[in-house]
Amino acid sequence: MSIPAAAVAQGARRVSNGGLARVFLRSLFLQAAWNPRGMQNVGFADAIGPALAELYPDPGDRARAVARHLEFFNCHPYMAAAIVGGAVRLEERVASGELPAQSVSSFKTALGPPFAALGDGFFWLALRPTAALAAAVTEPFIGLGCVLVFLGLYNSVHLAARVWLFAVGYLRGEGVVDAIARAHFASSTPLLKACGAVLAGALAARSVLAAGLPDRPFHALLVASTIVGAAALLPRVGVTRAVYAALLVGLALGARFF
Amino acid sequence: MLPLPPGGLLHLLLLAAIAALAGGLAAVERKGAFQFMVSRPLVLAPVLGWLLGDARGGLLLGVPLELLFLGGVNLGGSLPDNESLLAGALTAMVVPAGMAAGTGVDAPLAAIGLALLFPLAMFGRRLERASEYRNGQLMESAVVRAAHGDPLAARVNLRGLLLPFGAAAGICALAVMVSPLLAYLRAGSGEGALWALEGSWHAVWAIAAACSIRAIRDHRAPAIAAISAAGAIAAALIVGVFS
């Protein structure tokens, strides 16, 4: 079902700012009861609860609305903020009789998968590794301060994005798609990954240098070979086997068995 | 007599309580609530280390663990290994062991601890799966309650946090309680064994560096990383020659 963005945006607001704030806070627990059948459904129904309480004073109507939101729902937990905000907006119009209840369900079903793919690519596969690598590279110079580097880099983007997504979802309803398309999530992902790769290289260099360059070139060469070999073999070997193999080889080398 | 932290058994029990609380909260934060990345090894290990009395020791464990699990991603229904449970338990075991042994957290302690506890990452994944099936029961109860007209049916949501909290808290507390055994092993190791264990820790770091390259899921990543590494090594050598 297609809902004109302008029409959604023009609808009268019926949920208070306090109600919206409570919905946002509860959306931070979206995955508390993540389950294989409904995925984030319980979290979504719980998150939107404060808005439903204002829109449906009758407990029976409210329970029916809650039941509707207990349908299957899955998205990236941060990007879902936009859908939660948009669903509140649509529920306002459903409660006033302007839209059928099915429109909220259609909105959630249509936006969940593409937003999930966008969020996975940007937050999980680009921002988090890059922020962690930046922290790991700076650790020899700033020690414990690297923890703040990681949390600062990651959360300055993540928290701002989460608040903005919820706000824009609520204010624009289905028009949130246009807003997110202009936010360059997808286009900035390759750039972030490239930064991450540069940092990963610097980290590998750190390991090689720490192993003994320039005084112990053999040690450095050994570590460099291990990094290259492991990077090539990891998909087949897996992290667990690689770690135990490394522990054993390191043990043997350290004990001078070779 | 097993070596204990400076305050004796009471101190050990206090550390176990602290580790249980921090480990449990981290398990909740990892997926069920907030996801501010406080439960990542890079943050959890130094923070828990600080709570237990050795933040730098926690950092020594946290950085390589973070890199080892950098590529683990929770996509849809797939579950990665549970890096937070491992980071929490490893810190909870190694930091008090370092205090008891009088060495602080060092490479040999870290290597023994990692070898003993690494399977916890996979066990944590199974635990998470069990928790998800338990959440399925919560969902069914919510659906039934909503169908019977209960407007607060979805409030069962937060109950989904109990199992991860309890399981992680118990494991972290147990890790502290067995830390004297690790301290005993460390204290009883000869010089040769300590050298060997140090070698093991360096090898783990090499694997961690390789994992960090693989974590960037982009076909250009290995080439970019190689150029960056060569440049960094060359720069370091030049600076070293001229300084």
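These numbers come from the heavy atoms of this one structure, side chains and all, not from hydrogens, waters or symmetry mates. Throughout, a chain's letter reflects where its sequence line sits, starting with A, and its residues are numbered from 1.
The closest side-chain heavy-atom distance from A/V66 to B/D150 is not below 4.5 Å. Under the 4.5 Å side-chain criterion, counting only non-hydrogen atoms from C-beta, B/L114 is in contact with A/V243. Side-chain contact between A/L30 and B/N157 is absent, with no heavy atoms from C-beta onward closer than 4.5 Å. Side-chain contact between A/R26 and B/R155: present, with at least one pair of heavy atoms (C-beta onward) separated by less than 4.5 Å. Side-chain contact between A/W34 and B/E128 is absent, with no heavy-atom pair separated by less than 4.5 Å. Proximity of A/V42 to B/L138: side-chain heavy atoms (C-beta onward) are nowhere separated by under 4.5 Å. Between A/L199 and B/I216, the closest side-chain pair of non-hydrogen atoms is not below 4.5 Å. Proximity of B/V43 to A/L151: side-chain heavy atoms (C-beta onward) are separated by under 4.5 Å at one or more points.
For the atom pair CZ of B/R134 and CG of A/N35, the computed distance is 11.5 Å after rounding to the nearest 0.5 Å.
With a 4.5 angstrom heavy-atom cutoff, A/L247 touches chain B via backbone and side-chain atoms both. Proximity to chain B involves both the backbone and the side chain of A/T240, based on heavy atoms less than 4.5 angstrom apart. Of the atoms belonging to A/A245, not a single heavy atom falls under 4.5 Å from chain B. Proximity to chain B (any heavy atom under 4.5 Å) is shown, for A/A116, by neither the backbone nor the side chain. Contact annotation for A/L233: neither backbone nor side-chain heavy atoms come within less than 4.5 Å of a heavy atom of chain B. In this structure, chain B has no heavy atom under 4.5 Å from any part of A/Y56. The contact between A/Y244 and chain B is made entirely by side chain atoms (from C-beta outward), counting heavy-atom distances below 4.5 Å. If you measure heavy-atom distances from A/L144 to chain B, the contacts under 4.5 Å come from both the backbone and the side chain.
Among the candidates A/L203, A/D61, A/D120, A/N155, the residue making the largest number of heavy-atom pairs closer than 4.5 Å to chain B is A/N155. The most heavy-atom pairs under 4.5 Å with chain B, out of A/H76, A/K193, A/R64, come from A/K193. Contact count versus chain B (heavy atoms, under 4.5 Å) is highest, among A/A126, A/A132, A/A135, A/G49, for A/A132. Between chain B and the options A/G43, A/A224, A/G229, A/S27, heavy-atom pairs under 4.5 Å are most frequent for A/G43. Counting heavy-atom pairs closer than 4.5 Å to chain B, the top residue among A/C75, A/A45, A/A33 is A/A33.
Considering all non-hydrogen atoms of both residues, B/R214 and A/L234 come closest at CG-CD1, 3.8 Å. Residues B/R220 and A/A194 approach most closely at NH2-CB, 4.2 Å, considering heavy atoms. Taking all atoms of both residues into account, the shortest heavy-atom contact from A/F29 to B/L161 is CD2-CD1, 4.1 Å. Across all their heavy atoms, A/A246 and B/A203 have their closest contact at O-CB, 3.2 Å. Of all heavy-atom pairs spanning B/A146 and A/A63, the tightest one is O-CB, 3.8 Å. Contact record, B/P151 with A/R62: CB-NE, 3.6 Å, taken as the closest heavy-atom pair.
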